[in-house]
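Input: a single structure, listed below in structure tokens.
Reminder, nothing fancy here: chain letters follow the sequence lines and each chain counts from 1.
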Amino acid sequence: EPEVTQTPSHQVTQMGQEVILRCVPISNHLYFYWYRQILGQKVEFLVSFYNNEISEKSEIFDDQFSVERPDGSNFTLKIRSTKLEDSAMYFCASSEYSGGSRETQYFGPGTRLLVL
Amino acid sequence: AQSVTQLGSHVSVSEGALVLLRCNYSSSVPPYLFWYVQYPNQGLQLLLKYTTGATLVKGINGFEAEFKKSETSFHLTKPSAHMSDAAEYFCAVSDRNTDKLIFGTGTRLQVFP
């Protein structure tokens, strides 16, 4: 069964460093998402992406964050200058259609980011 | 603004007992409702969803949920728990105008033999 994959599974970085989290969505999917979960808190929406553009973003997704689909398979989240509060589990998801979000979003296993 | 409340961060049941995980939502318009499950070291997997139509929704692994508009609830049930059901369960809501899912804080289900 097709699945969303994410690399790395764990990343430790120093405050102020740039990190890139990578995702490979399901191959025929057109919509891509990033969510994050700070330890002990809710899973929070960060951004959605379609047709090489951000379609929606949350207030969390400030100028330190960017997303890109550099080729036909990868979808990346870049944090330009990490802060301690960026430590979280980051989930990538993809869906086949938007359909007003009625289409299922398929999630990857997550990347646990720790900022020291 | 939409929000989701999951009552009980931890629920423990015996194998074979009824599983009931509670979810209440607030939304100004009829929402779409989802339950996701997360097994250790894995991603979020969709259990079931309600968009329109029949309010009792059946999902994978014997789970079902009922959309009750009058109670703004979407509780998840399973008649008989299995050891393999031990996981974290997330309720989520969205509406027709957005793609984003709004999640509850999750409920960790433990199943004892």
**Item:** Residue-level interface, residues 43-54 of chain A with chain B, non-hydrogen cut-off under 4.5 Å
**Value:** A/Val43, A/Phe45
**Message:** Quick check on A/Leu84: does its CG atom have over 12 non-hydrogen neighbours (other residues, nucleotides or ligands) under 6.0 Å away?
**Reply:** yes
**Message:** Do A/Tyr35 and B/Phe90 sit in one hydrophobic cluster, given that two such residues count as connected whenever their side-chain heavy atoms are within less than 4.5 Å of each other, even indirectly?
**Reply:** yes
**Prompt:** Shared ILVMFWY cluster between B/Val93 and A/Tyr33, side chains joined below 4.5 angstrom?
**Reply:** no
**Trace of the side chain to side chain contact (heavy atoms under 4.5 Å, CB included) decision for A/Thr104 with B/Lys49** = CA-CA 8 Å; A/Thr104 299; B/Lys49 63 181 179 182; 3.2 Å; yes
**Asked** What about B/Tyr89 and B/Leu46, same hydrophobic cluster or not, with Ile/Leu/Val/Met/Phe/Trp/Tyr joined at side-chain heavy-atom distances under 4.5 Å?
**Response** no
**Message:** Please determine whether residues B/Val57 and B/Phe34 belong to a single hydrophobic cluster, defined as Ile, Leu, Val, Met, Phe, Trp and Tyr linked transitively by side-chain heavy-atom distances below 4.5 Å.
**Reply:** no
**Message:** Using modelled atom types and a 3.5 Å cut-off, is there a donor and acceptor pairing between side-chain atoms of B/Tyr36 and backbone atoms of A/Phe107?
**Reply:** no
**Message:** Taking atom CG as the centre, does A/Asp71 end up with more than 12 heavy-atom neighbours from other residues, nucleotides or ligands that are less than 6.0 angstrom away?
**Reply:** yes
**CZ (B/Arg22) with more than 12 external heavy atoms under 6.0 Å** = no
**Prompt:** Roughly how far, to the nearest 0.5 Å, is OH of A/Tyr106 from CG of B/Leu44?
**Reply:** 13.5 Å
**Request:** Please look at B/Gln45 and chain A and tell me whether the side chain, the backbone, both or neither of the residue comes under 4.5 angstrom of a heavy atom of that chain.
**Result:** neither
**Derivation of the side chain to side chain contact (heavy atoms under 4.5 Å, CB included) call for B/Phe103 and A/Gln41** = CA-CA 10 Å; B/Phe103 285 87; A/Gln41 298 185 24; over 6 Å; no
**Request:** Identify the residues of residues 108-116 of chain A whose heavy atoms come closer than 4.5 Å to a heavy atom of chain B, ordered by number, or report 'none'.
**Result:** A/Gly108, A/Pro109
**Prompt:** How long is the span from the NZ atom in A/Lys57 to the NZ atom in B/Lys100, to the nearest 0.5 Å?
**Reply:** 12.5 Å
**Message:** According to a hydrophobic-cluster definition based on side-chain heavy atoms being under 4.5 Å apart (Ile, Leu, Val, Met, Phe, Trp, Tyr only), do B/Phe112 and B/Tyr39 belong together?
**Reply:** no
**Prompt:** Which pair of non-hydrogen atoms, one from A/Lys42 and one from B/Val4, has the smallest distance, and what is that distance?
**Reply:** NZ-O, 3.4 Å
**Item:** Under 4.5 Å from a heavy atom of chain B, the part of A/Glu3 involved
**Value:** neither
